[in-house]
Amino acid sequence: MSTRLAKGGRFLDKGKPVTFTFNGKRLKGYEGDTLASALLANGQVMVGRSFKYHRPRGIVASGAEEPNALMNHGAGGTFEPNQRATTTELYDGLQAGSQNHWPNLEFDVGAINAGFSRFLTAGFYYKMFIHPRPLWKHVYEPFIRQSAGLGKAPKEQDADTYEHFNVNVDVLVIGGGIAGLQAALAAGKSGAKVLVIEQTAHWGGRAMVDEPLAEGRIGGAPVDKFVEETRAALEKMPNVSMRLRLMGAGVYDHGYVLGYERLTDHAPTAAGPRHRLWRIRAKRIVTATGAIERPLSFAGNDVPGVMLASAVRDYVVNFGVSVGDRVVVVTNNDSAYLTAIAMKKAGLEVPCILDARPEGGGALMQAAQDLGIPVETGKAIAKVKGTRRVTGVAICVQAGEGAVLKEIACDAVAMSGGWSPVVHLWSHCGGKLTWDTGHAHFRPDVDNPPRDDAGEAFVIPVGTANGAMHIALALEDAEMSGRAAAKAAGHKPKPVATPDVTSPQEAAMEPVWLMPQGAPYELRMKAWLDFQNDVKVSDVQLAAQEGFESVEHAKRYTTLGMATDQGKLSNINGLAILSDALGQPIPQTGTTTFRPPYTPISMGAIAGEARGAVFQPIRRTPMQAWHDAHGADWEPVGHWRRPYAYPRSSESVHDAVMREVKNTRQALGLLDASTLGKIIVKGPDAGRFLDMMYTNMMSTLKVGKCRYGLMCSENGFLTDDGVVARIDEDTWLCHTTSGGADSVHGHMEEWLQTEWWDWKVYTANVTEQYAQIAVVGPNARKVLEKLGGMDVSKEALGFMEWKEGEIAGIPARAFRISFSGELSYEIAVPASQGLAFWEALMEAGAEFGAMPYGTEALHIMRAEKGFIMIGDETDGTVIPQDLGLHWALSKKKDDYLGKRAQERSHMADPTRWKLVGLETVDGAVLPDGAYAVAEGTNANGQRNVQGRVTSTYHSPTLDRGIAMGLVLHGPDRMGEVIEFPGVDGKTYKAKIVDPVFYDKDGEKQNV
Amino acid sequence: MKRYSAFAIAREGLRQHTGWERAWASPEPKSSYDVIIVGAGGHGLATAYYLGKNFGITNVAILEKGWLGGGNTGRNTTIIRSNYLQDSSAAIYEKARSLYETMSQDLNYNVMFSPRGVMMLAQTQHEIRGYQRTAHANALQGVSTEFIGPEQVKKLVPIINIDGPRYPVLGALWQPRGGTARHDAVAWGYARACSDMGMHVIQKCEVTGIRREGDKVVGVDTNRGAIDCNKLGVVVAGHSGQLADMAGFRLPLESVALQALVSEPIKPCMDVVVMANTVHGYMSQSDKGEMVIGGGTDSFNNFTQRGSFHHIEETVRALVETFPMISRLKMLRQWGGIVDVTGDRSPILSKTPVDGMFVNCGWGTGGFKAIPGSGWGFAELIAKGDSPLCDEFSMFRFREGKFIDESVAAGVAH
Amino acid sequence: MSEPVSALGGVTWADGIAQIAEIGPQGMITLRGDFDDPEFRVAVKNAVGLDMPGQRAVQMSGENTLCWMSPDELLVLCPYGDVAAMLAALTSALAGHHALAVNVSDARAVFRVTGPYAREIMAKLTPADLAPDAFKTGMFRRTRMAQVPAAFFLRETDSFEIVCFRSVAQYMFDLLKTAAQPGSEVGYF
Amino acid sequence: MLILHCPYCGVDADETELHAGGEAHVKRYGPGSSDAEFESYLFVRENPKGVHFERWRHANGCGKWFHAARCTSTLEVFGTYSAQTTEPPQEIKDKISAKRPGWSWREFA
């Protein structure tokens, strides 16, 4: 029975009891508890069900490596699945529930899988469910999906907020154990900018538990004194920062590190963000990430109550919790003796220590024996008794095949298979590993480190993370590496005295990958490697037998190490079994790749502040608020939003669009054209430059005149268009499409900086300096004359001319251009007075029937005039020649961007589809994107096509459907009727016509 | 080859699984083969499989420098769809999709093809028009897709936020028979079938040179000796340029990193695959329960199989906005692969300037879904010298300016 | 003529860990030319009354501020009303030189973030190194703030002045408020 | 997550301030060039696994384009330099030679 002890618990504040619930049951704990320690204190050892067989699962570990104790945590907007109980700090009102069972934890229907475990081996799914075909989708897969998965899916919007934080440091120390602190001290004293981060809420790490038990001392004093003094010394240094609850999640190229700070997980009612994702740039990274204890592989090692030896003593020392009254310890190394000593000192019973080593251990074994704990050397566990809780163990000889010598009653087992350095962060960016035979583990190969932008090693592992398994070695290693890191970061560190250390030397460990050594199949199929994913020794052996010899194959075939703990406990044991099965040494088998993050981090933290209002920038024109207030229906255009139409109450969007077109053609329409790009191009070579940028000749444009221009990519395709105005002798103003401004400006600068850098040209993107308003319709001139200040008569300002002055007392530049075919002016005024000017126009225009119109009306009017629209008639595969725009391709120029490309065989191919107008025979509207079919099918059995619709509308002006399209030999087929099958099942017949549907002679715009 | 079946499982279950054979043999290379395929990824193995199945060519070696299926085949987000715009793309991807339908039975290996449906969200007017165009094209290409409205999107994906403040969902292009498959199983299933036909799948065999006599290829040099062949198919995504160099010609390719990530597993909450191109992210839920997430590529050449984290941020940001509930899920693992991208982002399945040598590359971010169709067409190209599925994908199209541009329809690839 | 209105009409916010204010209308001139040309330097000095700033530096005195934007671009900050005159002065002084001077006062928005946590708020949004020893008064930095380009400098200790495009002013304001939310002190700098 | 030193404004720029511009020192072929020349100009790339020269723009910064010499298999950066040149400066080539003896890239070595 696990329970709270009267004494001990250095993390606990017994003055602060807290209440929490588990599966609805109200339980008590203390501030300082983790959810795991509190559950154990309440006798709750079984906490979940495994992934595949739904076997009972208990807490195994005390930290980030925990594979089993995953909880549904919180409720509503703060509900979160798969919360690791061992890293969840307890708080008052915490709600937790176990996962992956139905109807409940004690009785789980899914557990029938366990009954079939004999058949559900590795690779089962690949060999099964093949016939009959439809059953996979409709029966097998749904069943598998239901029984898989772990926690429940959150349902509500996340109630918390998140943020990012960017810092640059000289030395980042990851891990706040004694090695990390010592390394930080050495680096800090050199004046280097140091940041020390620790994932838990406490400094000191493992040594705080182990050394007192081993009676180890640093500088003649207990370890906690050393830790406290070092911490205090670091706190005093202005160049050193220390953070708890901040985990090193990932190491990326060029010294980039992700830090995952959990700010309010332990205090959910506190203000501020829940998590903060640190983006750290460090010149050097010291990884003092410690080591993780390995389980032993014996039959029944997954029964609740079987735990890592280190965890068992952590719970006693840190939380004053015993995992059982009678704990059998089983080990292949000395460290587990500390657990026995801890239990004994806590007044609990240790019926025996099974040491698989024939000779047993060293000083610590002696210490344990002196406490009267029986030690059996060369012995192993043949089998664990019990199903939902350990009831005893059957003992055998390690060297044998599991013949049971005797059984010992116990309610918990503390196991230790040795220690593996935490090499994840070292490996994320390409650090290689080397096999350490003495400790039977992989440690960083410092000769093959991850390298930074200068090609130098930028990660430095220290302490047990570097395989320095004795505290004395760890401190020396840390001091040296701390200095090395500071030096590499450009500082001059002086040696820091490492305090002398007394701590018992451990006897050599002995690798034990299977217990007992000759365990038969019946035992191997009950010996777990991966507790969460249900991978057993027999599974890995089967993978090898079937030829999955690469470690990656074996991993993927068995799912070993693919659970939420990413194999922190199982990888090395699995590798060893695989190597043994392949009859090759472990280093030859190698490891799978370590990928970030070290432990899972919240999506919320990754998204950071970018949610809701600031998910993405929305670009606004000076008149945005007015549009909103007048019922604009918005359309995103790049990051801009433009009014699609202004539906009035009780008016549909479509009706609004129709009204806007009619009103503009018959009276007066106003369009917010501020989003159009405006780029100043100035200099002695500006004309020459624009002749390269545009297909047209721009250098010959007269001052005061405007010209419509086309821009192509160097690959020949039409990319942008707009009106260019010549401002003065060496200055041009180029208009681009909405949202095209930045890319066109970038495009210009690219050519100027990287190809024609000797040309004297400056550009400036002045798009947002101006609010631009299109004043369109028969009454356009009237309203401008009424506002007054500028002569806009036909004589004073002819078509395709511009002039500068004042209108309504506001400085303005008026362009006499038309995209609608109507009498039209585009007026640019300072953005700071855009709204005032717009309102002045609306007010003065009232008597002339002024109404705003949106992008859809704009589109329809340009289509009625047969003007192309970038993005509709073009899609990145269309060249000006396809659109009958030859008139815009200057013949006088021997070069412009795209000219050479347009000479390639396929671009000159006469069978390219060409732009035409399309008129449905019955006046209906052609479906958007419809294709015109031709006879027969192609070699791949697809229906042949001969054209497609590029834009299609109902024209209120002509009261019929009009469209533009690209059609094979289109311009030569005027009057011909072709067929467009719609996805609605109808076939639309349309006549090929001239694309100009309205005012072919352009009389209206020239008045 | 012993067939896989429920009976076999029952039999082996009762005798401690001692009867299972190797899924594929691991032979020593012979001195010569009719055809050598370089690269034992999905595309290479599928090519070999259809050489045998459709053309009876079984004296074939598939050479793999690492472990089979260890490249992008084992690193992608397993999406299968064929709702492409251009005829030549739709043809090869739909061929692939239809072969996926029966792959488990064809290979006697459960590749877990799950035709759960793929939808591409339309979140701007421009996207609506683009996808309506694709729907029209697909109807004529024999690809079954439809454009559906927001309500139906919500019905198919209850966890989606269809009226997000920034980009409300205006509709979607829906391919009901698109879906996912177990990526490793595809490679393993093909390898097992090839091995069963007597082909040699040779792992840890790196090609170090390509031997020619005049304009004709006659074999390859490898770290396990020289091997002769009459025909050579190079299918080594990410490293095609290096192989082309060995043969003395160049390819219009660039290699960049593509990243993906998975969440911790949760109980089923999303039954279809959703791609949101405006905000650059896509997501599906694996049978294990993980949310499988991908996004855009890095924009610089990179052979490290490590990407830049800001792409992960952009993708997750987009998906948290689209699926608010994932905010409190956790990223379990992120990884990267090397993809090679051509000038028009469409693949190359082509003859080369070297007689008898063929290349299959440039799948960019979309290769997995094409594996069987690519193998089918490329096998035909190698066996017969031409294939309707491959014609348009010639490496010489860039010279003529005859591109196959899909960006028209989809912003992000996958 | 009507009064010029800045992007957000001078909105302020102080409910978090720093004061945030949109300031302006602010006169602004983009000036491009050859920094090595002595006559250019003189013209700038005469028109703006400030010496040329060094690389990534800012010159401040009186009502005018001169910012180094790139090796061939300066940004002049001056009272909104002075722009026309200053522009005229620059244009005439630079007549015959290859240079570009253009009014961008209305193309931009300017924000001020003030308070002991100003640095941390900025560091939440930009990759630029904002450690006190790395970014000091007199320095000017063009970079990214979250998803938009921006430039900033320290008007005085604990008081950042941020220049961004006018169209994203609302985004910038919301961004700064988010980064300054109550309880979000980092306590790092 | 690359850091590249912008030779124009002196910033060690985070990748998120930068825009990648593809292969460096590509000669432009216009009208009059052969199909092969034009194809190589637009599409054929070195794409080396190792030493590479490329173009970058300090987009969220001073806005200037510059060149970078970088290893694509380790991401090591050998140096950055002006965009206004048709070949890598000697000191950069020397630096590469010191670290990657025998390297070559197009006509450079």
Original post:
Which bit of A:N938 comes within less than 4.5 Å of chain B, counting heavy atoms only: side chain, backbone, both or neither?
Top reply: side chain
Original post:
Is it the backbone or the side chain of A:E635 that comes under 4.5 Å from a heavy atom of chain B, or both, or neither?
Top reply: side chain
With only heavy atoms counted, which part of [X] is less than 4.5 Å from chain A, the side chain, the backbone, both or neither?
X: B:S114; answer: both
X: B:R397; answer: neither
X: B:A90; answer: both
X: B:Q123; answer: backbone
X: B:D391; answer: neither
X: B:S308; answer: neither

**OP:** Under 4.5 Å, counting heavy-atom pairs only, tell me which of A:V637, A:V945, A:D928 racks up the most with chain B.
**Re:** A:D928
Original post:
Considering residues at least two apart in sequence or located in another chain, which fulfil the salt bridge (Lys or Arg N to Asp or Glu O under 4.0 Å) criterion with A:R642?
Top reply: none
**OP:** Apply salt bridge (Lys or Arg N to Asp or Glu O under 4.0 Å) to A:D253 and list each qualifying residue two or more places apart in sequence or on a separate chain.
**Re:** B:R306
Original post:
Does NZ or CZ of A:R943 lie under 6.0 Å from the centre of the six-membered ring of A:Y931, at an angle within 45° of the ring axis?
Top reply: no
Subject >> Test: B:K288 cationic atom under 6.0 Å from A:F51 six-membered ring centre, within 45° of axis >> reply: yes
**OP:** Can you label the angle between the A:Y126 ring and the B:W188 ring as parallel, tilted or perpendicular, going by 30° and 60°?
**Re:** perpendicular
Original post:
Relative to the ring of B:H17, is the ring of B:W20 parallel (under 30°), tilted (30 to 60°) or perpendicular (over 60°)?
Top reply: parallel
